[in-house]
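Predicted model, so just to flag it, every value in this text is computed and none were measured. Lettering of chains follows the sequences in order, A, B, ..., and the numbering in each one begins at 1.
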2 protein chains.
Amino acid sequence: MQIKQIDYSLYLVTDRSLARGRPTRAIVEAAVRGGVTCVQLREKACSTRTFIKEALVLRGLLHEHGIPLIINDRVDVALAVEADGVHLGQTDMPLPQARAILGDKALIGISAESLDDALRAEAEGADYIGVSPIFTTPTKTDTAPALGLSGLAAIRAAVRLPLIGIGGLNLENAAEVIRHGGSGLAVVSAIVSAENPEAAARQLRAAIERAKVQWR
Amino acid sequence: MQIKQIDYSLYLVTDRSLARGRPTRAIVEAAVRGGVTCVQLREKACSTRTFIKEALVLRGLLHEHGIPLIINDRVDVALAVEADGVHLGQTDMPLPQARAILGDKALIGISAESLDDALRAEAEGADYIGVSPIFTTPTKTDTAPALGLSGLAAIRAAVRLPLIGIGGLNLENAAEVIRHGGSGLAVVSAIVSAENPEAAARQLRAAIERAKVQWR
């Protein structure tokens with residue numbers, strides 16, 4: 001197993017419906033200034049063509065800063081825009097098929113809702129695991145029961161891959177995610193819905209870096 | 001330009017919402033017995049994993065009969081199941097990107113809502129064109145104005161590719177589509193919603209074959 005050198009510290013997942021009318025591009029630009037280290041473009045309702053256009057815009061601005069672009073669910077969109085990888089949930093394309101299509105260089109992240117999911121993802125060659133959800137959240141309503149920080153720690157004890165906590169994470173609990181074995185935090189509304197996404201990202205990143213100094 | 005040898009005479013497009021509760025597999029099996037020559041799997045609401053599972057089931061049963069399986073919109077699903085090709089609308093992945101991903105052997109069909117769309121699709125290397133819509137139809141409500149049989153004939157005069165009429169086609173107008181230059185008919189509700197999909201397919205196929213004898 002080769003672990004690719006990606007900084008997952010502060011991983012932004014976009015959501016156009018939570019952006020209070022602001023374009024995804026503007027949110028991502030602000031978040032980059034604030035210090036996000038990885039961006040996942042998630043589009044659940046637009047056409048494939050619109051998804052591709054949006055992804056190309058983000059790829060341009062992220063790659064200027066050396067920040068990877070991950071595409072949610074859509075392997076075809078990732079191929080079309082030469083994104084850095086895909087993030088796959090348990091109802092998206094199975095990992096072995098995605099790996100066969102995308103090759104070894106692509107990042108493939110898997111949402112794990114249980115220790116079993118995480119072990120399977122590692123065995124099948126995932127590059128990182130999104131541990132989901134740490135806490136319940138109004139952002140996603142179709143999630144499994146919250147794993148809690150203890151669930152994150154249990155997965156940390158069992159797998160080697162980078163673990164990214166997601167679900168209900170914010171400035172108040174960021175340090176605890178790092179303390180319990182998270183390589184980073186994925187956030188949606190904590191940045192996307194923030195009055196000032198740049199400031200929100202900056203504060204989160206600072207909290208994560210402080211926690212790393214303390215707990216690593 | 002290489003024209004691949006596919007029989008587009010009777011081209012079934014699936015639609016689970018119009019199948020009156022019957023599974024897509026059952027509709028397709030019946031339609032194959034009735035004589036469809038090509039099947040496009042269209043899924044607009046299910047998860048990627050469900051789409052892939054459905055496509056694998058259809059691929060198995062179609063390939064037993066030498067009938068091609070075309071995937072609507074999703075280049076990733078087509079790759080995952082090694083389908084014969086994709087059908088792309090004007091808001092799906094642009095043809096040049098799809099061709100770069102799928103290679104020359106894959107069938108790529110394009111929905112053309114105008115002569116300009118058809119000319120562009122031919123120039124960009126489409127394998128066939130879905131001329132859409134010939135007539136207005138309750139099946140799709142987001143379509144361009146109907147092209148009519150005269151619109152089909154105008155496209156026939158300008159491009160060499162196989163043309164497949166779609167939109168409001170049934171036993172009554174099947175022969176006219178062939179007469180005006182169609183290589184075949186694509187149907188959704190005429191088979192998917194039929195009381196007896198096998199009989200509906202058989203009657204349509206017979207009407208198309210009679211028209212070909214008369215007008216080719």
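Of all heavy-atom pairs between A:P94 and B:I52, the closest is CD-CD1, 4.1 Å. When all heavy atoms of B:V75 and A:D76 are compared, the pair lying nearest together is N-OD2, 3.3 Å. Nearest heavy atom pair, residue A:A80 against residue B:M93, reads CB-CE, 3.8 Å.
No side-chain heavy atom of A:R49 sits less than 4.5 Å from a side-chain heavy atom of B:D92.
Remark: B:E82 CD is loosely packed, at most 12 non-hydrogen atoms of other residues, nucleotides or ligands lying under 6.0 Å away. Around the NZ atom of A:K44, the shell of radius 6.0 Å holds more than 12 heavy atoms that belong to other residues, nucleotides or ligands.
Both the backbone and the side chain of B:L79 have a heavy atom closer than 4.5 Å to some heavy atom of chain A.
Between the CD atom of A:Q97 and the CG atom of B:L56 there is a distance of 6.5 Å, given to the nearest 0.5 Å.
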